Amino acid sequence: MKVISKQRNSRMCIVCGMDNPIGFKAQFYNMEDGSVMTPFRYMGAHQSFPLRVHGGLIATMLDELGLRAMWAALSEDAFGVTMSMDVKYRKPVPYEEDLLGRGIVERDTPKFSVIRSELYDRNRVLLAEAQVKYLKLDVGQIVQDVDPHEEMCYLIEDGVTEILF
């Protein structure tokens with residue numbers, strides 16, 4: 001599928017923070033179908049049981065894909081907080097292997113968005129999925145005295161024009 005554009009990365013976010021030593025350092029791409037995708041890897045430090053990623057960190061990526069899907073469909077100025085998230089763990093999620101995350105807005109209103117988030121293995125087998133509901137808020141209602149553009153300061157051009165899905 002064709003990449004339309006790339007989203008910014010932050011300094012310290014556990015998912016996309018480029019300065020976070022234990023973060024996923026995930027790169028997010030706006031896709032031609034209105035979804036967002038991220039090819040990424042969990043590290044061994046993200047395990048729960050040997051050879052498996054901790055379920056909370058799986059949910060963390062599914063949650064991040066929700067906001068990133070809002071950015072892909074609406075605008076990178078769209079912000080919100082998670083109202084609810086219904087996660088289904090389909091298969092064990094491995095670390096130190098290539099994975100693909102995908103999020104797409106299923107429903108959008110002036111007050112909230114509903115997103116479907118998914119994690120796939122390298123063979124495109126569905127490993128985990130979630131329906132995430134976000135309450136839309138201005139960034140000032142979420143956090144005081146933080147400039148989101150200063151935190152989301154990295155735009156890492158890498159020449160990716162297509163992601164196989």
Side-chain angles (χ1 to χ4, degrees), residues 1-76 78-80 82 85-106 113-132 134 148-149 151-165:
M1 187 179 313
K2 184 178 175 187
V3 170
I4 301 302
S5 60
K6 190 163 184 196
Q7 296 183 5
R8 294 184 176 277
N9 283 67
S10 80
R11 296 178 193 278
M12 289 301 294
C13 172
I14 187 72
V15 177
C16 75
M18 300 310 292
D19 300 337
N20 189 328
I22 62 164
F24 311 159
K25 296 179 177 39
Q27 309 285 308
F28 293 87
Y29 301 87
N30 299 324
M31 307 305 293
E32 65 183 331
D33 69 348
S35 70
V36 65
M37 288 188 180
T38 179
F40 75 104
R41 292 177 146 234
Y42 289 105
M43 298 183 299
H46 301 138
Q47 84 168 35
S48 61
F49 206 69
L51 306 178
R52 296 173 186 219
V53 174
H54 190 282
L57 294 175
I58 295 165
T60 299
M61 176 56 88
L62 292 167
D63 187 22
E64 180 80 7
L65 283 160
L67 180 63
R68 296 299 187 135
M70 282 177 46
W71 287 355
L74 307 173
S75 157
E76 286 191 27
F79 284 92
T82 306
M85 184 166 64
D86 180 25
V87 179
K88 291 185 174 55
Y89 299 95
R90 301 292 184 189
K91 297 190 179 294
V93 176
Y95 52 83
E96 304 298 349
E97 290 190 21
D98 293 337
L99 301 170
L100 180 68
R102 180 175 185 263
I104 191 161
V105 173
E106 291 185 323
S113 289
V114 178
I115 294 95
R116 177 177 169 79
S117 300
E118 306 157 329
L119 295 185
Y120 295 89
D121 70 10
R122 65 178 149 223
N123 297 315
R124 300 307 179 250
V125 172
L126 181 65
L127 303 176
E129 62 186 318
Q131 182 182 68
V132 188
Y134 279 91
H149 300 291
E151 176 60 22
M152 300 296 296
C153 62
Y154 295 117
L155 182 58
I156 303 162
E157 295 296 342
D158 55 16
V160 174
T161 60
E162 188 173 14
I163 297 175
L164 298 177
F165 181 69

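What you are looking at is a predicted structure, and each value in this text was computed from that prediction instead of being measured.
Legend: residues meeting side-chain contact (heavy atoms from CB on, under 4.5 Å) with E162, ordered by chain and number and at least two apart, are L164. Listed by chain and residue number, E32 satisfy the side-chain contact (heavy atoms from CB on, under 4.5 Å) test with I4 (two or more places apart in sequence, or in another chain).
Looking at N9, its side chain does come within 3.5 Å of a backbone N or O of A26 through a donor-acceptor pair. In this structure, the side chain of K25 engages the main chain of N20 through a donor-acceptor pair within 3.5 Å. Put simply, the side chain of Y89 gets close to the backbone of G55: a donor and an acceptor are under 3.5 Å apart.
Salt bridge status for D158 with K6: present, with a side-chain N to carboxylate O gap under 4.0 Å. Salt bridge status for E129 with R116: present, with a side-chain N to carboxylate O gap under 4.0 Å.
Within the 4.5 Å cutoff, no side-chain heavy atoms of L119 are placed close to those of L99.
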Side chains of residues 40-48: which donor-acceptor partners sit under 3.5 Å, not counting sequence neighbours?
| residue | atom | partner | partner atom | Å |
| --- | --- | --- | --- | --- |
| R41 | NE | D98 | OD1 | 2.8 |
| R41 | NH1 | E96 | O | 3.1 |
| R41 | NH2 | E96 | O | 3.4 |
| Y42 | OH | L57 | O | 3.2 |
| H46 | ND1 | M43 | N | 2.8 |
| H46 | NE2 | I22 | O | 2.7 |
| Q47 | OE1 | Y95 | OH | 2.8 |

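More than 12 heavy-atom neighbours from other residues, nucleotides or ligands sit within 6.0 angstrom of CZ on R11.
Atom CD of residue E76 and atom OG of residue S5 lie 7.0 Å apart, to the nearest 0.5 angstrom.
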Side chain to side chain contact (heavy atoms under 4.5 Å, CB included) assessment of I115 paired with M70:
CA-CA 8 Å; I115 294 95; M70 282 177 46; 3.9 Å; yes

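The only option from M61, E64, R68 that meets the side-chain contact (heavy atoms from CB on, under 4.5 Å) definition with T38 turns out to be M61.
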